[in-house]
Amino acid sequence: MANLTSTGSGSFEAEAYQEKILPGVSRSFALTIPQLPCDLRKVVTNAYLLCRIADTIEDEPELSALQKVVFHEQFLAVLRAEEKPQNFAKQLTPLLSKATSSGERELIANAPLIVCNTHRFSASQRQVLLKCVSIMCQGMGCYQSNASLEGLADQREVDRYCYYVAGVVGEMLTELFCQYSDEIDEKRADMLTLAPSFGEGLQLTNILKDLWEDRRQGVCWLPRKEFEELGLKVDAITPGGSDKAFVAALRYMVGVAHGHLHNAFRYTLLIPPQETGIRRFCLWAIGLAVLTLRRIKARSAYSSGQQVKVSRRFVKATILGTHLTARHDWMLKLLFSGATTGLPFTPLLSPGPGLSHWVTEPSLSGGYQADSVSLLLRDGDK
């Protein structure tokens with residue numbers, strides 16, 4: 001089918017716009033994505049913005065469950081060039097409430113510019129992006145429609161949720177990296193085994209950081225079964241808690257997140273040392289997540305994400321440290337070991353399934369799975 005987006009002089013405008021809007025919808029990715037090589041930077045920026053559009057639809061409180069399904073399907077049809085992006089933006093933008101940030105409202109209004117870039121990529125790149133966004137839309141709908149303060153059934157369901165909203169992004173990035181570099185492509189199988197952890201570790205860290213803000217919105221992504229084993233009811237926890245059961249439960253969750261980030265670090269070391277930009281992209285995200293987990297562990301009585309936010313000084317230190325060590329695996333190992341010393345660590349038993357597994361067997365558990373809460377209670381520190 002013919003491309004329905006603008007071309008020619010509009011291409012420059014579209015490319016400039018996605019660079020401009022990125023800091024308005026994500027400070028962290030606005031920091032890490034520019035580290036990538038130019039060709040990768042364009043497609044990864046676009047990929048993130050596509051995922052953010054899908055996420056904005058799902059998070060909009062004024063849209064009904066049916067409306068969200070309809071707009072997700074329309075958005076996917078736009079990506080397949082079956083519908084005009086102008087119609088999608090015109091229909092959705094007026095329905096967004098003040099609960100959606102100004103940056104996200106602007107992104108939706110200018111979705112045609114973002115999709116213009118999408119349609120200029122190679123067929124193989126477009127296929128990777130469409131597959132990721134399709135799986136994300138499918139998964140988010142399953143979970144957001146049933147979200148409540150009762151959390152999710154168990155850690156398996158938490159892992160499955162994290163796969164849909166973030167683990168699949170790790171797989172998408174891997175496919176894009178492999179298309180970019182033949183040398184990276186040689187490691188494709190090993191990288192895809194670890195790729196879900198790259199996204200899931202970051203997502204779990206954000207779930208813990210934003211725990212109390214989410215609860216004020218009536219949402220919780222913590223595992224009921226594991227918390228009950230520790231003597232807690234997920235729907236009854238309150239900010240500022242410092243009792244032993246809550247501290248143990250928080251320690252468990254930090255340990256699972258650390259386990260994913262450990263795999264994300266292994267993933268990064270598979271990237272050839274000369275690809276310093278790609279390594280920095282990964283390392284900065286991992287480093288900031290590790291520092292956030294350290295602050296959460298040290299401040300178990302925190303009541304907002306702001307209280308465990310990484311300071312600018314530590315952000316700068318992370319950037320400097322990885323600039324100096326990005327090419328040297330042994331130095332990176334020392335740096336990561338030092339940064340994670342004292343953090344709870346839960347071994348993760350099995351690698352996450354691939355995309356086809358998720359699509360054909362959605363009822364099965366996903367991601368990497370911790371064996372038991374007792375692993376952490378026995379000796380949580382690595």
Side-chain angles (χ1 to χ4, degrees), residues 26-28 55 58-59 61 99 101 139-140 143-167 197 199-261 285-286 288-311 314 340 342-346 367-368 370 373 376-377 380:
S26 176
R27 293 182 180 179
S28 58
D55 192 52
E58 194 59 52
D59 288 343
S101 71
M140 287 193 301
Y143 285 94
Q144 292 284 0
S145 60
N146 297 310
S148 72
L149 290 178
E150 295 182 357
L152 298 174
D154 53 25
Q155 188 60 44
R156 289 179 178 273
E157 281 301 303
V158 174
D159 283 346
R160 185 169 180 258
Y161 166 73
C162 287
Y163 173 82
Y164 272 128
V165 299
S197 268
E200 291 177 36
L202 301 182
Q203 182 66 22
L204 278 172
T205 301
N206 283 334
I207 285 174
L208 295 178
K209 177 177 69 70
D210 299 332
L211 171 63
W212 304 116
E213 285 82 358
D214 284 345
R215 290 188 70 82
R216 285 190 279 273
Q217 298 296 322
V219 176
C220 180
W221 305 111
L222 298 175
R224 288 194 300 273
K225 176 178 179 289
E226 284 74 10
F227 271 52
E228 288 172 0
E229 289 177 0
L230 294 168
L232 286 175
K233 292 286 187 180
V234 167
D235 58 357
I237 61 174
T238 56
S242 57
D243 60 280
K244 291 183 179 180
F246 179 78
V247 172
L250 192 64
R251 179 183 178 87
Y252 167 75
M253 293 303 299
V254 168
V256 175
H258 178 194
H260 282 296
L261 293 176
I286 295 168
L288 294 177
V290 167
L291 292 176
T292 300
L293 291 180
R294 293 185 66 88
R295 292 180 67 85
I296 290 171
K297 174 180 177 290
R299 297 166 175 80
S300 60
Y302 72 105
S303 58
S304 73
Q306 190 65 30
Q307 294 174 2
V308 293
K309 183 179 179 181
V310 178
S311 69
F314 280 104
T340 56
L343 274 184
F345 178 84
T346 302
Y368 294 68
V373 176
L376 184 69
L377 298 182

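Predicted model only: the values in this text are computed from it and were never measured. Index from 1, following the sequence.
Within the 4.5 Å cutoff, no side-chain heavy atoms of Leu293 are placed close to those of Thr340. Between Leu222 and Ile237 the shortest side-chain heavy-atom distance falls below 4.5 Å.
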message: I'd like to know whether Asp55 forms a side-chain contact (heavy atoms from CB on, under 4.5 Å) with Val165, so could you lay out the CA-CA distance, the side-chain angles of the two residues, the decisive distance to 0.1 Å, and finally the verdict.
response: CA-CA 8 Å; Asp55 192 52; Val165 299; 5.8 Å; no

- prompt: Do Met253 and Ile207 pass the side-chain contact (heavy atoms from CB on, under 4.5 Å) test, and can you show the C-alpha distance, the side-chain angles, and the key distance before you say yes or no?
  reply: CA-CA 10 Å; Met253 293 303 299; Ile207 285 174; 5.6 Å; no

- prompt: Going through the checks in order, is the side-chain contact (heavy atoms from CB on, under 4.5 Å) test met by Leu291 and Arg295?
  reply: CA-CA 6 Å; Leu291 292 176; Arg295 292 180 67 85; 5.8 Å; no

field: Audit row: Tyr163, Glu200, side-chain contact (heavy atoms from CB on, under 4.5 Å) steps and yes/no
entry: CA-CA 6 Å; Tyr163 173 82; Glu200 291 177 36; 3.6 Å; yes

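Around CD of Gln217, the count of heavy atoms belonging to other residues, nucleotides or ligands within 6.0 Å does not exceed 12. Within a 6.0 Å radius of CZ in Arg27, other residues, nucleotides and ligands contribute 12 heavy atoms or fewer.
Residues satisfying the side chain to side chain contact (heavy atoms under 4.5 Å, CB included) test with Asn206, not counting sequence neighbours, are Lys209, Asp210. Judged as a side chain to side chain donor-acceptor pair (under 3.5 Å), and not counting sequence neighbours, Glu213 has no contacts. Residues that satisfy the side chain to side chain donor-acceptor pair (under 3.5 Å) test with Ser303, not counting sequence neighbours, are Gln307. For Lys309, the salt bridge (charged side-chain N to carboxylate O under 4.0 Å, His left out) criterion is met by no residue, not counting sequence neighbours. Remark: Ala289 engages Leu202, Thr205, Leu261 in a side chain to side chain contact (heavy atoms under 4.5 Å, CB included) (not counting sequence neighbours). Scored by the side chain to side chain donor-acceptor pair (under 3.5 Å) test, Ser304 finds no partners at all (sequence neighbours excluded). Glu150 pairs by the side chain to side chain contact (heavy atoms under 4.5 Å, CB included) definition with Ser148, Arg224, Asp235, not counting sequence neighbours. Scanning for side chain to side chain contact (heavy atoms under 4.5 Å, CB included) contacts around Ser28 gives Ser26, with sequence neighbours left out.
The nearest pair of heavy atoms linking Ala245 to Leu232 is O-CD1, 3.5 Å. Taking each heavy atom of Leu230 and Ala249 in turn, the nearest pair found is CD1-CA, 3.4 Å. Taking all atoms of both residues into account, the shortest heavy-atom contact from Arg215 to Ala236 is NH2-N, 4.1 Å. Residues Thr292 and Val310 share a closest heavy-atom pair of OG1-CG2, 3.3 Å.
Between the CD atom of Glu229 and the CG atom of Asp154 there is a distance of 9.5 Å, given to the nearest 0.5 Å. Here CZ of Arg294 is found 9.5 Å from NE2 of His258. Values are rounded to the nearest 0.5 Å. Atoms CD1 and CG, on Ile296 and Leu208 in that order, are 5.0 Å from each other to the nearest 0.5 Å.
In this structure, Tyr161 and Trp221 have parallel ring planes: the angle between them is below the 30° cut-off, well short of the 60° mark.
Between the Gln203 side chain and the Ala166 main chain, no donor and acceptor come within less than 3.5 Å of each other.
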